[in-house]
Colleague: 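First the structure, which I've put down as structure tokens, then a few questions once you've had a look.
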Amino acid sequence: MSESDRDTNFFESVYEVAALIPAGRVTSYGAIARYLGSARSSRMVGWAMNNSFSSDRNIPAHRVVNRNGSLTGKHHFPNEHEMQRRLEAEGIKIMDDQVVNFSDVFWDPNLELKVL
DNA sequence: AATGTGACATACC
DNA sequence: TGGTATGCCACAT
């Protein structure tokens with residue numbers, strides 16, 4: 001392909017993974033970053049999510065939380081409660097802006113998508 | 001080219 | 001227990 005691959009490859013990869021997150025599950029930025037091969041690029045994942053609002057595809061950014069299961073990114077949603085509301089709509093319980101049973105609903109792409 | 005930034009993660013005080 | 005500091009990497013200006 002073109003050399004401009006890396007231009008959107010990283011972001012697009014994030015979108016891919018995020019789009020693969022099953023409803024009712026959540027994952028962490030670090031998990032996605034690690035799946036992409038850049039375990040330390042966890043921040044870029046969040047950044048990609050930020051761009052996801054401008055992305056053509058609907059990215060379930062609400063299913064992406066930090067390592068602590070905290071809805072750190074809710075502030076970036078059109079409505080802060082939108083994120084929590086969507087998660088609850090998928091069966092995820094939110095308490096104090098944190099995902100209840102986080103380990104139970106945690107979806108690790110490295111485990112589920114370790115198809116490489 | 002250099003500097004700044006950011007929805008994280010980890011370590012240290 | 002919580003704030004501060006640093007690392008880390010890719011994007012924006």
Colleague: In whole angstroms, how far is the P atom of B/dA7 from the CE atom of A/M49?
Modeller: 13 Å
Colleague: In this structure, how many angstroms lie between the P atom of B/dA7 and the CD atom of A/E80, rounded?
Modeller: 13 Å
Colleague: Among C/dA10, B/dA7, B/dT10, which nucleotide has an atom closest to any side-chain atom of A/Y29?
Modeller: B/dA7
Colleague: On DNA chain C, compare the nucleotides closest to A/N51 and A/R43; which residue's is nearer the 5' end?
Modeller: A/R43
Colleague: Kindly indicate whether the side chain of A/R57, heavy atoms from C-beta on, has any atom under 4.5 Å from the side chain of A/E16.
Modeller: yes
Colleague: Provide, to the nearest angstrom, the distance between the CD atom belonging to A/Q98 and the P atom belonging to B/dA7.
Modeller: 18 Å
Colleague: When we call it a touch if two heavy atoms are under 4.0 Å apart, what does A/A61 touch: a base, just sugar-phosphate, or nothing?
Modeller: base
Colleague: Write down the distance between CG (A/N68) and C1' (C/dT1), rounded to a whole number of angstrom.
Modeller: 14 Å
Colleague: Without decimals, in angstroms, what is the distance between A/I32 CD1 and B/dA7 C1'?
Modeller: 11 Å
Colleague: Figure out the CH2/P separation between A/W47 and C/dT13, and round it to whole Å.
Modeller: 9 Å
Colleague: What nucleotide, of B/dA7, B/dA9, C/dC9, holds the atom closest to the side chain of A/S42?
Modeller: B/dA9
Colleague: Nearest 0.5 Å please: distance from the CG atom of A/L36 over to the CD atom of A/E12.
Modeller: 12.0 Å
Colleague: Classify the ring geometry of A/F102 against A/F106: parallel below 30°, tilted from 30° to 60°, perpendicular beyond 60°.
Modeller: tilted
Colleague: Using a 4.5 Å cut-off on heavy atoms from C-beta on, say whether the side chain of A/F10 contacts that of A/S41.
Modeller: yes
Colleague: Using atom CZ of A/R40 as one end and atom C1' of C/dC9 as the other, report the distance to the nearest whole Å.
Modeller: 11 Å
Colleague: Nearest to the side chain of A/R67, heavy atoms from C-beta on, is which of C/dC8, C/dC11, B/dT10?
Modeller: B/dT10
Colleague: If you check every side-chain atom of A/F11, which of C/dC11, C/dC9, B/dA7 has the closest atom?
Modeller: C/dC11
Colleague: Grab the CD-C1' distance between A/E82 and B/dA7 for me, whole Å please.
Modeller: 16 Å
Colleague: Hey, does the side chain of A/S28 come within less than 4.0 Å of B/dC8's phosphate (OP1/OP2), counting only N and O?
Modeller: no
Colleague: Please work out if A/N50 contacts a base, only the sugar-phosphate, or nothing of the nucleic acid, heavy-atom cut-off 4.0 Å.
Modeller: base
Colleague: Are A/Q84 and A/H62 linked by a side-chain donor-acceptor pair shorter than 3.5 Å?
Modeller: no
